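Data block below; observations after.
Computed from a prediction, not measured in an experiment: that's the story for all the values here. In what follows, chains are A, B, ... by sequence order, proteins preceding strands, each numbered from 1.
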There are 2 protein chains.
Amino acid sequence: MSGRDAALDTIQRELTAFARRARATAARMHPELSLVSYTILAHLEEQQGCRATDLAAYYLLDKSTVSRQVAALERLGLIERRTDSTDHRVQVLHLAPRGNEVLAAARERRKQTFEERFADWDPADLGRFAEYLVRYNEDAAAHP
Amino acid sequence: MSGRDAALDTIQRELTAFARRARATAARMHPELSLVSYTILAHLEEQQGCRATDLAAYYLLDKSTVSRQVAALERLGLIERRTDSTDHRVQVLHLAPRGNEVLAAARERRKQTFEERFADWDPADLGRFAEYLVRYNEDAAAHP
DNA sequence: TGATATCGTTGCAAAACGCAACATTGCAGG
DNA sequence: CCTGCAATGTTGCGTTTTGCAACGATATCA
């Protein structure tokens, strides 16, 4: 097996292992916010004015799944839906003030965990790792 | 926000997005083998003689969850359980011949997808990315 | 206006998961 | 030897997450 193949193999294996643990990890880091809820809130923080369809497309989920998640987060008062004035089919999603608070708290606990994990990483390595992940996700979106 | 904080933020976000899509991605790459099943089979391929408890610990899952997954894979004839002769409590898990075949087929389809994704990556970057992922998962295990 | 597409919701069933209780087996201290 | 304790795995039960299909409402285009 070539070095390239070995690297590809390792990347597959490690990414899969990470994905497999992600739910439990999130549950330990912030029990009040599931991996799903955290993801949606964090996405809305970046992409204010997001639609439910956008979330479904980005995370490869069925629109019904997203619909339910969004409904639950709205019942909890964490997000708001505003029907688009120009297109009455779409509902524009926004973070509610309470959603901002909850997200900030969860993010803080996450950050503590991550800082421990990466404590002895060289800043240059950290930067490269971040670049690689961004690039990988872009490639994954381009080659579905 | 410092460069280090920005990198940490990016790593969190991108890893989370990846985890969120992993299930759907696996379903498209190999519909006959769920992410869960694929993970267990791949793990057994590496760690022959694995116990159910090992799987639960590694993937942060309840032992009952693993027990059911293992039972299902055995019903499908993909894995075998051999009770340890020295300790009759433990069941040593092995890949069955049929499990090897199914895993090989799924791995092949995975590999095709990954090679497309990484087609224009420099080999040195691939190697570094693989290293970083291994290191990250080790750190995650050390700082739970 | 009528056909078609898009956005979101709901009914339904299946999969995945965790917790608690349990049986079985091994191990160590008295 | 035996009694208590730990480890392994299974099962019952309820919850959560998910996808598919059908549907209503709205928009777009011929």
Side-chain angles (χ1 to χ4, degrees), chain A residues 16 19-41 44 47 49-76 79-94, chain B residues 16 19-41 44 49-76 78-94:
Chain A
T16 306
R20 202 74 190 70
R21 290 187 246 201
R23 180 179 311 220
T25 303
R28 264 187 311 100
M29 281 193 289
H30 38 73
E32 77 286 0
L33 222 53
S34 74
L35 173 65
V36 186
S37 303
Y38 178 85
T39 308
I40 293 184
L41 292 187
L44 286 187
Q47 306 281 330
C50 182
R51 301 175 304 164
T53 301
D54 298 334
L55 290 171
Y58 190 73
Y59 295 111
L60 302 181
L61 294 171
D62 193 80
K63 55 184 179 174
S64 67
T65 301
V66 175
S67 173
R68 281 180 253 268
Q69 305 282 1
V70 165
L73 289 176
E74 192 199 23
R75 275 195 299 276
L76 293 173
I79 68 177
E80 294 173 359
R81 322 153 102 143
R82 311 178 191 160
T83 46
D84 189 330
S85 54
T86 72
D87 186 340
H88 285 230
R89 294 172 303 181
V90 317
Q91 298 178 349
V92 187
L93 305 177
H94 290 266
Chain B
T16 306
R20 204 71 192 73
R21 293 186 242 200
R23 180 179 309 225
T25 303
R28 263 187 310 103
M29 281 193 289
H30 37 74
E32 77 286 0
L33 221 53
S34 74
L35 174 64
V36 185
S37 303
Y38 178 84
T39 308
I40 293 183
L41 293 188
L44 286 187
C50 181
R51 302 175 304 164
T53 301
D54 298 334
L55 289 172
Y58 189 74
Y59 294 112
L60 302 180
L61 294 171
D62 192 79
K63 54 184 179 174
S64 66
T65 301
V66 174
S67 173
R68 280 180 250 269
Q69 306 282 358
V70 165
L73 289 175
E74 193 199 23
R75 275 196 300 275
L76 293 173
L78 303 184
I79 68 177
E80 294 173 0
R81 321 153 102 142
R82 311 178 191 160
T83 46
D84 189 330
S85 54
T86 73
D87 187 340
H88 286 229
R89 293 172 304 180
V90 317
Q91 299 178 347
V92 187
L93 305 177
H94 290 266

Using a heavy-atom cut-off of under 4.0 Å over every strand shown, decide if B:Thr53 touches base, sugar-phosphate, or nothing. sugar-phosphate
Looking only at heavy atoms, what is the nearest atom pair of A:Gly49 and A:His94, with distance? N-CE1, 3.7 Å
Flag side-chain contact, heavy atom, 4.5 Å: A:Val36 against B:Arg20: yes
Can a side chain N or O of B:Arg51 be found less than 4.0 Å away from OP1 or OP2 on D:dG9? no
Excluding sequence neighbours, so at least two apart, what forms side-chain contact (heavy atoms from CB on, under 4.5 Å) with A:Leu41? A:Leu33, A:Leu73, A:Leu78, A:Ile79, A:Leu95, A:Leu103
Of all pairs that satisfy salt bridge (Lys or Arg N to Asp or Glu O under 4.0 Å), the ones with a partner from residues 22-39 of chain A, not counting sequence neighbours: none
Test side chain to side chain donor-acceptor pair (under 3.5 Å) applied to A:Arg51 - qualifying residues, sequence neighbours left out: A:Asp54
Please report the distance, rounded to the nearest Å, between CZ in B:Arg81 and P in D:dT8. 16 Å
Please tabulate, one pair per line, each protein N/O and nucleotide N/O from nucleotides 15-18 of chain D that are separated by under 3.5 Å, including the distance.
unit_1	atom_1	unit_2	atom_2	d
D:dT18	OP1	B:Arg20	NH1	3.2
D:dT18	OP1	B:Arg20	NH2	3.4
D:dT18	OP2	A:Gln69	NE2	2.8

The criterion is side-chain contact (heavy atoms from CB on, under 4.5 Å); which residues satisfy it with B:Arg81, sequence neighbours excluded? B:Val70, B:Ala71, B:Glu74, B:Gln91, B:Leu93
With sequence neighbours left out, what residues match A:Ser67 under side chain to side chain donor-acceptor pair (under 3.5 Å)? none
Chain A contact limits on DNA chain C, taken 5' to 3' with a cut-off of 4.0 angstrom to heavy atoms: C:dA5 to C:dC17
For the OH atom of B:Tyr58 and the CD1 atom of B:Ile40, what is their distance to the nearest 0.5 Å? 13.5 Å
So which atom in B:Leu35 and which in B:Ala22 form the shortest heavy-atom distance, rounded to 0.1 Å? CD2-CB, 4.1 Å
Could you tell me which non-hydrogen atom of B:Leu44 sits nearest to which non-hydrogen atom of B:Cys50, and how far apart they are? CD2-CB, 3.5 Å
Using salt bridge (Lys or Arg N to Asp or Glu O under 4.0 Å) as the criterion, list what pairs up with A:Asp87, not counting sequence neighbours. A:Arg89
Of all residues at least two apart in sequence or in a different chain, which pass the side chain to side chain donor-acceptor pair (under 3.5 Å) check with A:Thr65? none
Just by protein heavy atoms under 4.0 Å, how would nucleotides 22-30 of chain D read 5' to 3' in B, S and -? ----BS---
Residues at least two apart in sequence or cross-chain that pass side chain to side chain donor-acceptor pair (under 3.5 Å) with A:Glu80, listed by chain then number, are A:Arg82
The correct set of residues in residues 24-33 of chain B placing a heavy atom under 4.0 Å from DNA chain D is none
Taking atom P of D:dG19 as reference, at what distance in whole Å does atom OH of A:Tyr59 sit? 14 Å
